[in-house]
Novice: 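So that we are looking at the same thing, I have put the structure below in structure tokens.
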Amino acid sequence: TETNNSKNMELFLKALFTNKELKELENRLKIFQMLLKGRKQREISEDLNVGIATVTRGSYAFENEDFFKINSNILDILRANYKKWLIKKKNQKKLKSVVNLSI
């Protein structure tokens, strides 16, 4: 909590978790972000290409964990990063369309 060096945090997380665990963590964060925006579980499952059971587990935590009932700047950060992720995803789709047209 005392670092704001994103590179050091990335290195630390890579030392703690396997690539698969990091991907699961990333998906869980995105699930929370999408739930905060009111997205439906089926939509989340399709957008993230994860099973509905994965989304349901995230939704259960979202609904039952005390953390999501408090006012925390972490939730604000999740919301802000979700907007950035959506923009990145839309840009990737546009780029993919352009590449497909040129092939």
Side-chain angles (χ1 to χ4, degrees):
T1 61
E2 295 182 20
T3 185
N4 58 3
N5 184 312
S6 61
K7 187 63 179 170
N8 285 349
M9 182 55 73
E10 180 181 342
L11 292 171
F12 178 64
L13 291 174
K14 284 183 177 184
L16 285 176
F17 300 107
T18 66
N19 287 338
K20 182 180 178 188
E21 290 168 331
L22 286 170
K23 184 62 180 167
E24 290 171 6
L25 178 63
E26 179 184 0
N27 283 337
R28 180 62 69 99
L29 289 171
K30 287 178 184 173
I31 288 167
F32 291 152
Q33 291 169 326
M34 295 170 115
L35 290 168
L36 283 166
K37 291 295 183 179
R39 301 283 305 276
K40 303 288 183 211
Q41 288 188 31
R42 181 72 54 198
E43 294 172 335
I44 296 170
S45 173
E46 291 170 3
D47 282 353
L48 297 180
N49 197 29
V50 298
I52 193 70
T54 300
V55 179
T56 300
R57 282 190 300 276
S59 179
Y60 181 82
F62 182 75
E63 292 172 4
N64 294 292
E65 293 296 331
D66 290 339
F67 172 77
F68 292 102
K69 296 175 179 106
I70 62 172
N71 187 12
S72 169
N73 70 326
I74 294 173
L75 295 177
D76 296 333
I77 293 167
L78 285 174
R79 286 185 191 99
N81 285 336
Y82 176 69
K83 290 177 187 176
K84 291 176 188 175
W85 176 76
L86 276 181
I87 292 168
K88 183 178 175 183
K89 185 177 176 183
K90 286 178 185 178
N91 289 338
Q92 288 173 340
K93 282 184 179 181
K94 286 179 186 177
L95 180 61
K96 188 175 182 181
S97 296
V98 170
V99 169
N100 287 339
L101 289 175
S102 64
I103 293 179

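Heads up: numbering here begins at 1 and tracks the sequence. Here the structure is a predicted model, which is why all the values come from computation and not from measurement.
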Novice: Considering non-hydrogen atoms only, spot the tightest contact between G51 and S45 and give its length.
Specialist: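 In terms of heavy atoms, the two residues are closest at C-OG, 3.8 Å.
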Novice: Quick one: do R39 and D47 satisfy salt bridge (Lys or Arg N to Asp or Glu O under 4.0 Å)? Show the steps, please.
Specialist: CA-CA 10 Å; R39 301 283 305 276; D47 282 353; 2.3 Å; yes
Novice: Measuring from atom CG of L13 to atom CD of E21, what distance do you get when rounded to the nearest 0.5 angstrom?
Specialist: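 So the CG of L13 and the CD of E21 are separated by 11.0 Å.
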Novice: Which pair of non-hydrogen atoms, one from V55 and one from I31, has the smallest distance, and what is that distance?
Specialist: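 That closest heavy-atom pairing would be CA-CD1, 3.9 Å.
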Novice: Please determine whether residues L16 and L22 belong to a single hydrophobic cluster, defined as Ile, Leu, Val, Met, Phe, Trp and Tyr linked transitively by side-chain heavy-atom distances below 4.5 Å.
Specialist: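 Looking at the clustering, L22 is in the same group as L16.
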Novice: More than 12 heavy atoms of other residues, nucleotides or ligands under 6.0 Å from CG of N49: is that the case?
Specialist: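 Counting other residues, nucleotides and ligands, CG of N49 stays at 12 neighbours or fewer.
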Novice: Enter the distance from F67:CZ to F62:CZ here, rounded to the nearest 0.5 Å.
Specialist: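 Nearest 0.5 Å value for the CZ-CZ distance: 10.0 Å.
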Novice: Which heavy-atom pair separates N5 from N8 by the least distance, and what is that distance?
Specialist: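 Result for this residue pair: OD1-N, 2.9 Å.
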Novice: Q33 versus K30: any side-chain heavy-atom pair under 4.5 Å?
Specialist: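 Side chain of Q33 against side chain of K30, heavy atoms only: contact under 4.5 Å found.
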Novice: Might you work through the salt bridge (Lys or Arg N to Asp or Glu O under 4.0 Å) test for K14 and E10, ending with a clear yes or no?
Specialist: CA-CA 6 Å; K14 284 183 177 184; E10 180 181 342; 3.3 Å; yes
Novice: Does one hydrophobic cluster hold both L48 and I52, with members joined at side-chain heavy-atom distances below 4.5 Å?
Specialist: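 In one cluster with L48: I52, no.
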Novice: Starting at OG1 of T56, measure out to CD1 of I44 and round the result to the nearest 0.5 Å.
Specialist: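 The distance works out to 9.5 Å.
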Novice: How far apart are the closest heavy atoms of A61 and R28, and which atoms are they?
Specialist: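 Heavy atoms only, the tightest pair is CB-NH1, 4.1 Å.
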Novice: Rounded to the nearest 0.5 Å, how far does CD of E24 lie from CG of N19?
Specialist: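 It comes to 11.5 Å.
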Novice: What distance do M9 atom CE and K7 atom NZ have between them, rounded to the nearest 0.5 Å?
Specialist: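 Here the rounded value is 13.5 Å.
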